[in-house]
Amino acid sequence: MVRVPRVQLSRLPGGRVLVTDGDSRLELGLGDLPAYVNAREREQAPRWVWDDTARWYPDLLAAGVRVARCHDLRLVHHLLRRAPAADQRLLAGEQSERWDRLGPSVASEVGLFAADDLSEHLRADLEDARQVRTVAESLEAARLGLLVAAESAGALVAAELTYAGMPWRRDVHEALLAELLGPRPRHGARPQKLEELADQVRAALSTPTLNPDSNTELLTALRRAGLEVPDTRAHTLRALRHPAIEPLLQFRQRAHLFQTNGWTWSDEWTQGGRFRPTYQPAGSVTGRWSSNGGGALSFPAIVRPAAIADEGWVLVVTDVSQLEPRVLAGMSGDRALAHAARGADLYQGMVDDGAVATRNDAKLGLLGAMYGATSGESGRMVAELTRRYPQAFALLERAAHEGERGGTVRTLLGRGSPSVDEAWGSVEEADPEREASRRRAYGRFTRNFVVQGTGAEWALCWIADLRNRLWHLGAEGPLQARPHLVFFLHDEVVIHAPAHRAEAVVAAAREAAATASALVFRELSIDFPLSASVVRSYAEAGKTPPPQVD
DNA sequence: GACCGCATG
DNA sequence: GTACGTGATGCGGTCC
């Protein structure tokens with residue numbers, strides 16, 4: 001294997017950058033960095049080591065420079081701090097407590113980094129040496145090394161997603177808003193169609209002054225109309241029969257659209273034909289990403305029609321079917337479950353293997369086991385399935401038990417769970433009942449952590465490999481001129497690609513899934529079938545899925 | 001700052 | 001028969 005050289009970048013006072021590379025040291029102006037990075041990428045692409053990808057990479061991308069590999073010291077520091085296989089003593093040293101405290105950079109701060117900031121002056125080379133050694137000397141150098149690489153590659157993907165953005169047609173979005181809400185209201189006012197619906201609700205409840213945004217007022221008005229309800233959730237309201245309900249539900253839905261994906265949101269997050277949410281890799285403790293701007297985590301179906309590929313381009317929308325049950329099969333080595341996982345529908349596979357009567361039973365039982373259901377129909381399923389899939393279910397039971405006795409668990413590649421106190425705060429629980437309940441709740445968390453966390457690792461390996469394949473798919477030029485990722489959410493990916501490359505992109509996504517499976521689960525081959533649709537608009541995706549999948 | 005309600009996987 | 005403190009994230013509203 002070719003050893004990839006590591007080049008560390010550290011920010012110095014005065015807009016300078018320290019470049020360290022083995023024994024050589026070099027100082028550059030921040031403005032000269034893109035050209036330097038670009039030149040080195042062209043000879044032998046090194047691994048760029050920096051404090052935080054979100055601080056360094058956006059400026060490089062803006063200058064047209066794409067890098068092949070990086071090592072994100074902030075993400076990896078936090079990862080290693082909790083990794084059971086890592087010797088914590090090796091992480092201690094100069095500035096290490098500052099790395100402990102280093103939080104994610106926020107989008108609004110990015111512009112500030114060009115300016116001097118002594119407090120941010122961290123020596124990447126020193127921390128890198130500690131991290132490299134910690135991984136190399138860990139009990140599981142191979143797995144942890146893979147996780148570190150995947151986590152860092154994910155950070156590159158996150159920056160590129162925001163940079164490229166989801167293709168966005170503002171005119172289509174605005175037409176949609178006009179249809180559902182009316183013309184854009186002046187600042188602070190309620191849109192016309194919303195006000196009309198509010199009037200209908202007021203009339204139906206004979207409460208002329210009602211503010212339907214206020215649940216307190218709503219509850220009183222509903223009760224005065226003889227509707228005894230515990231809350232005002234849509235699900236509760238739907239069960240009622242009353243002329244106020246229909247307009248109220250419509251009001252709710254459209255008010256939500258207005259507030260979360262209306263004109264204000266559009267002004268802030270959609271510019272130049274692109275929707276650019278910001279992603280936060282490992283934003284949740286299991287390693288899943290979160291989003292800290294624009295709301296990438298809840299990209300509502302109602303606005304998806306506005307996500308439309310450029311002329312001559314398409315969106316390739318692809319997601320993994322039943323990621324977590326497959327991950328469970330892989331990490332537990334349960335051959336019966338792995339067998340059921342062959343094919344497009346794992347739940348149907350369980351039926352065909354004679355483990356359960358119906359597909360719904362399979363789903364209920366498996367999800368119940370992964371989330372820790374103990375009662376109801378789901379609970380009964382779990383008992384039966386434990387007999388059929390002993391290893392898979394034993395793995396979940398062990399994880400739950402570990403959490404209940406106050407311990408921590410880890411993913412397959414070695415990400416550690418936070419302790420119960422870290423996760424939910426340290427409390428002196430006087431009541432033993434409540435203490436027991438807290439422990440059981442944490443047991444459900446650790447039970448789910450192992451599967452969700454390993455699923456996130458698989459997904460990282462998938463997008464990292466896919467990112468590489470897309471770059472080498474044949475086109476030349478900058479990122480946006482080639483097929484490129486524009487959206488990622490847990491187990492789903494959207495690629496923007498020239499129409500004539502759509503089939504190649506789908507193939508790349510499938511190959512990347514196979515690669516991820518082999519990387520994470522080694523010789524134990526688990527199928528990870530993808531559903532893929534090639535569409536112009538995101539809203540068209542998955543409308544006619546080949547097999548039924550959920 | 002707490003709560004509710006809603007959207008996503 | 002059991003339990004109601006939780007699968008997660010983020011967002012924007014009201015209430016006090």
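Quick note on labels: first sequence line is chain A, next is B, and so on, each numbered from 1. Keep in mind it's a predicted model, so treat the numbers as computed, not measured.
As a whole-Å value, the separation of A:Met370 CE from C:dA8 C1' is 14 Å. For the pair A:Leu323 CG and C:dA8 P, the computed distance is 18 Å after rounding to whole Å. Nucleotide B:dT8 holds its P atom 11 Å from the CZ atom of A:Phe487, rounded to whole Å. Taking atom CG on A:Leu257 and atom P on B:dA7, their separation rounds to 10 Å, with Å as the unit. Distance A:Arg438 CZ to C:dC4 C1': 17 Å, rounded to the nearest Å. When the C1' atom of B:dA7 is taken as reference, atom OH of A:Tyr538 falls 13 Å away, rounded to whole Å. Rounded to an integer number of Å, the gap from CZ of A:Arg444 to C1' of C:dT2 is 12 Å. Atom NE2 in A:His235 sits roughly 17 Å away from atom P in B:dC4 (whole-Å rounding).
Taking atom C1' in both C:dG5 and B:dA2, one finds a spacing of 16 Å when rounded to whole Å. On the P atoms, C:dT6 is 15 Å away from B:dG5, given to the nearest whole Å.
Counting any heavy atom pair closer than 4.0 Å across all strands shown, A:Ala234 reaches sugar-phosphate atoms only and no base atom. Counting non-hydrogen atoms under 4.0 angstrom, A:Gln452 reaches nothing in the nucleic acid. Among the heavy atoms of the strands, none lies under 4.0 Å from A:Asn261. Using a 4.0 Å heavy-atom distance criterion, A:Thr286 is classed as making no nucleic acid contact. Contact annotation for A:Ala301: backbone-only contact, meaning every heavy-atom pair under 4.0 Å involves sugar-phosphate atoms and none involves a base. No contact: A:Arg439 has no heavy atom under 4.0 Å from any strand.
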What side-chain donor-acceptor pairs closer than 3.5 Å can you find for residues 202-209 of chain A, not counting sequence neighbours?
unit_1, atom_1, unit_2, atom_2, d
A:Arg202, NE, A:Leu210, O, 2.7
A:Arg202, NH1, A:Glu195, OE2, 3.1
A:Arg202, NH1, A:Asp199, OD1, 2.7
A:Arg202, NH2, A:Glu195, OE2, 3.3
A:Arg202, NH2, A:Leu210, O, 3.3
A:Thr207, OG1, A:Leu205, O, 2.8
A:Thr207, OG1, A:Arg224, NH2, 3.4

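Side-chain N/O atoms of A:Arg233 include one lying less than 4.0 angstrom from OP1 or OP2 on B:dG5.
Qualifying side-chain hydrogen bond (donor to acceptor under 3.5 Å, both in side chains) partners for A:Glu511, counting only residues two or more places apart in sequence or in other chains: A:Arg469. Residues satisfying the side-chain contact (heavy atoms from CB on, under 4.5 Å) test with A:Ala234, not counting sequence neighbours, are A:Arg238, A:Leu249. With sequence neighbours excluded, no residue satisfies salt bridge (charged side-chain N to carboxylate O under 4.0 Å, His left out) with A:Glu246.
Candidate nucleotides B:dA7, C:dG5, C:dC4 were compared by shortest atom distance to the side chain of A:Gln253, and B:dA7 ranks first. Each of C:dC4, B:dT8, B:dG5 was ranked by its minimum atom distance to the side chain of A:Asp231; first place goes to B:dG5.
Evaluation of the ring pair (Phe, Tyr, Trp, His ring centres under 6.0 Å) test over residues 434-456 of chain A, restricted to residues two or more places apart or in two chains, returns A:Trp424-A:Tyr442, A:Tyr442-A:Phe445, A:Phe445-A:Phe449.
In this structure, A:Trp168 and A:Phe299 have tilted ring planes: the angle between them lies in the 30° to 60° band.
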**OP:** Determine, for nucleotides 9-16 of chain C in 5'-to-3' order, which nucleotides have protein heavy atoms under 4.0 Å from the base (write B), from only the sugar-phosphate (write S), or from neither (write -).
**Re:** SSSSSSS-

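Results of the side-chain contact (heavy atoms from CB on, under 4.5 Å) test with A:Val314 over A:Val535, A:Val534, A:Ile495 single out A:Val534 as the only residue that passes.
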**OP:** Could you give me the CA-CA distance, side-chain angles and deciding distance for A:Arg170 and A:Asp267, then say whether salt bridge (charged side-chain N to carboxylate O under 4.0 Å, His left out) is met?
**Re:** CA-CA 10 Å; A:Arg170 226 168 149 139; A:Asp267 287 344; 2.8 Å; yes

